[in-house]
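Keep in mind the model is a prediction, meaning the values are calculated, not measured.
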Amino acid sequence: MTAQEICLCGLLLREHFGEVVEKVGTHLLRSGAQNLRTIVHETNLSVDLVKKCLCVLVQHGACSFTVGRKGPGSPTEYHACGERILRVLRYPRYIYTAKTLYGDTGELIIEELLQRGHVTMSSTVKTVADRLTQNMEEGQSLDYSEVSSTFSKLVETHFLQRCPPVGAAGTSGGAAPAEAPATPAAPAAAASTAPLTAESFPECYTLPQVTLTGRGKRQLVPEDGEDQRNAKRAKMTSESHGDEGIYWQVNFERFHQYFRDQAIISAVANKLDQTSSEIVRTILRMSEVTTSPTATCTKPLSTNEIFRSLPASYNIPRHILDQYLTLLVDDPMEFVGKAGESGGGMFVVNLHKALANLARATLESIVQERFGSRSARIFRLLLRKRHLEQKQVEDFAMIPAKEAKDMLYTLLSHNLVQLQEIPKTPDFAPSRTFYLYTVNQLPTARMLLQNCYKLLICDQCFSCRPWPTS
Amino acid sequence: MAGRGRRTMSFSVDSVGISRGETLPPAVQQPTPVFPVMEQKPLPLTGGEEAEYLTALKQDFRGAMRGLPCFIQPAAAHRDVERYSDKYHLSEKKDGLTDWIIGERSNLSISEQSNQNTHQRFPCRPTGGALPRQQTLHRLHMAGGRVTLEKKEEQESSEEEGEEKKKQKEEEAEAEEEYDEEEFEEETDYIMSYFDNGEDFGGDSDDNMDEAIY
């Protein structure tokens, strides 16, 4: 992790969990896996505080623990996951997505789970029902069954998953069923060194049998005197709902898949039109379950299937659909590709290519907004032609030599464009070397991402102080 | 530079792009300004309903996190001298984060998950030395999300307790998670205010007292 990412993680931990957790978290991020004693010693905190911080981090999935390096018997080592901490930046988006898909109930369920990390289903349902009842009118309350049904819908669509059991890491590796998990199950004898992801647990989307009846309770408005004593004496009945020990967490990967799909659909809508985006949305919806999250493209679908699955409001005739699909295939952004001719034509959505093209378009727009449209023209030229000499840049971009040179050097000084030397002689003599300008997409994108992190750090640091108004 | 006496430069002038006789840009005399003027002004932020809602969600989320048990407060700052009464003063609020952290040493931990209706008996301390008193009973009640502790005293100080219980009931509802300061954690016969070291006394007088106080 870069220094900016670690600094940003620290700030996020401070905002959400306090300064003590920030100290422990950043220490773990900087030093890698460490055991408890070393952490206590190097952070100068008390053992209790460090234990609490580690518990908080583990509960929220930001820290994992494994058997020590020296084998079984050595103290457990804790390892912080910076990427997971950076996901905190996306929490509002996750909550908003749940709201658009499942309404207020879904929104509150996701918010509750994000706040607490790992929660049982029964406590989530109760808390959410109480919160929703608070906002309803006097005398109305929300039944637990409504919240439970929304919870089950979230689990069915894989937005929520069960936390993998802690003890399963070592001993029950052999007991895992025949369906091959994503990570190879370690031999049952040795302690597992491969981290057990939630996906590799076969029941991660199974709802437990939960008996949950009741309605949301409205919190009493505190008044002096009798109400207080009555409230104090009311005892919460201790019920067990049959799901003790079964904890749920938010499945971030599923949300990321959803965001990816939304990005592609909205890009198609912006570039082409609404109907094309509906067609792409249909293809993506049909391929949700058949495509793995890391696939390059979706499974091929025939025109017949797409035609049958289009939403009822879009009753376009068959030949129009064919024309739309042809247009999509011919588009230079390569969102949709043709994979064969059977069934009227087999079509796929090129996920990786679409995302790469979207990233490229973002880079181009950044250059355009910062340096002007002529610099953007040079940048696009270099992206398309890969390597060009200075003279060729001036010719192809049709910009006068002096200005082209100036712009090229500005882009070079901002590291958006790189210089590649091709020597004619082994001594790299400058008069006998070709100097070619080029753009490397991936490192440039990473650099801009780091700039964004820097921006967030500055924003966090200044958000606690008011801007000086002059 | 190599080639003292020879006036050729190591690189060819043409390849860098400066032709002969062209004026070079003026030499820079001072460091570049900290905030240079931007030729292109940045685009305004994309506002709109969704962005505002997301911002509101973010603020709410951060505010809510501060009230949860996973927001760990740093240990209270130590005073200049360690005092005997520090042991009996209110320490940081203890609440079990999850089922795992229950029962840290002799400190009482309150778990939201463990809704215990029945009376539970906990020994206050491991009986290291022979204690002549009875062991105290603890009862945990959940009242509207607030946890109250009521301990039963021995009969010797039951009268004192009677008065204190009335005071407690008035005070308890104010605090979020109660921790009765009038009650004791250790086995002392004195109420907590016995251990006040008088530092808070007498600082509230705002009257303009010109006369000296004898």
Side-chain angles (χ1 to χ4, degrees), chain A residues 15-21 23 45-46 48-49 51-53 55-56 59-60 91-93 95-96 99 107 111 114-118 120 123 219-220 222 224 227-239 244-245 368-372 390 401 405 408-409 429-435, chain B residues 9-19 22 38-43 50 53-62 64-75 97-101 104-105 107 112-118 140-146 148 169-170 172-174 178:
Chain A
E15 276 294 317
H16 292 262
F17 302 114
E19 290 175 0
V20 194
V21 178
K23 203 166 176 189
L45 295 167
S46 71
D48 285 340
L49 269 183
K51 276 191 203 171
K52 272 194 200 168
C53 295
C55 285
V56 166
Q59 167 128 13
H60 283 82
Y91 279 8
R93 268 187 91 184
I95 300 173
Y96 185 71
K99 187 189 175 83
E107 176 191 10
E111 190 176 340
L114 286 174
Q115 278 178 357
R116 297 187 188 257
H118 298 177
T120 57
S123 57
Q219 210 177 36
L220 297 168
D224 295 326
D227 278 337
Q228 281 176 337
R229 262 177 243 129
N230 288 340
K232 194 160 56 87
R233 293 214 191 98
K235 295 167 201 165
M236 193 89 116
T237 51
S238 61
E239 309 163 11
E244 268 66 36
Q368 178 164 334
E369 292 306 324
R370 275 180 83 180
F371 301 105
Q390 182 161 337
K405 178 184 63 180
L408 261 178
Y409 289 168
S431 57
R432 294 187 288 274
T433 315
F434 289 116
Y435 291 97
Chain B
M9 287 177 286
S10 63
F11 53 89
S12 152
V13 180
D14 288 329
S15 68
V16 177
I18 314 169
S19 61
E22 198 178 302
M38 287 191 294
E39 298 94 22
Q40 315 272 338
K41 295 280 177 258
L43 289 172
E50 188 182 324
Y53 192 75
L54 288 174
T55 320
L57 273 177
K58 185 187 89 160
Q59 317 274 30
D60 287 343
F61 194 86
R62 294 205 176 169
M65 288 297 278
R66 290 181 184 267
L68 284 180
C70 35
F71 196 92
I72 298 184
Q73 309 284 357
L97 297 175
T98 63
D99 303 299
W100 335 315
I101 312 189
E104 286 180 4
R105 302 187 205 162
N107 288 330
E112 291 181 16
Q113 309 274 352
S114 65
N115 308 329
Q116 292 170 4
N117 189 9
T118 57
L140 292 172
H141 291 276
M142 288 288 275
R146 301 173 191 158
T148 65
K169 283 178 186 172
E170 291 159 30
E172 267 164 358
E174 295 156 22
E178 281 78 46

Heavy-atom closest contact (B/I72 atom, A/L49 atom, distance): CG2-CD2, 3.9 Å
For B/F71 against A/H16, the heavy-atom pair lying closest together: CD1-O, 3.3 Å
From CA spacing to verdict: side-chain contact (heavy atoms from CB on, under 4.5 Å), A/F371, B/Q40: CA-CA 7 Å; A/F371 301 105; B/Q40 315 272 338; 5.8 Å; no
Option that, when pairs with chain A are counted at under 4.5 Å, heavy atom only, ranks first among B/R62, B/K58, B/M65, B/K41: B/R62
Verdict with reasoning, A/R93 to B/L57, per side-chain contact (heavy atoms from CB on, under 4.5 Å): CA-CA 9 Å; A/R93 268 187 91 184; B/L57 273 177; over 6 Å; no
For chain B, the option from A/Q115, A/K99, A/E111 that forms the most heavy-atom pairs under 4.5 Å: A/Q115
From B/L43 atom CG to A/Q368 atom CD, the distance as rounded to the nearest 0.5 Å: 9.5 Å
Positive for side chain to side chain contact (heavy atoms under 4.5 Å, CB included) with B/C70, one of A/R116, A/K52, A/H60, A/Q59: A/H60
A/L114 portion near chain B, given a 4.5 angstrom heavy-atom threshold: both
A/Y91/B/F61 aromatic ring centres below 6.0 Å: yes
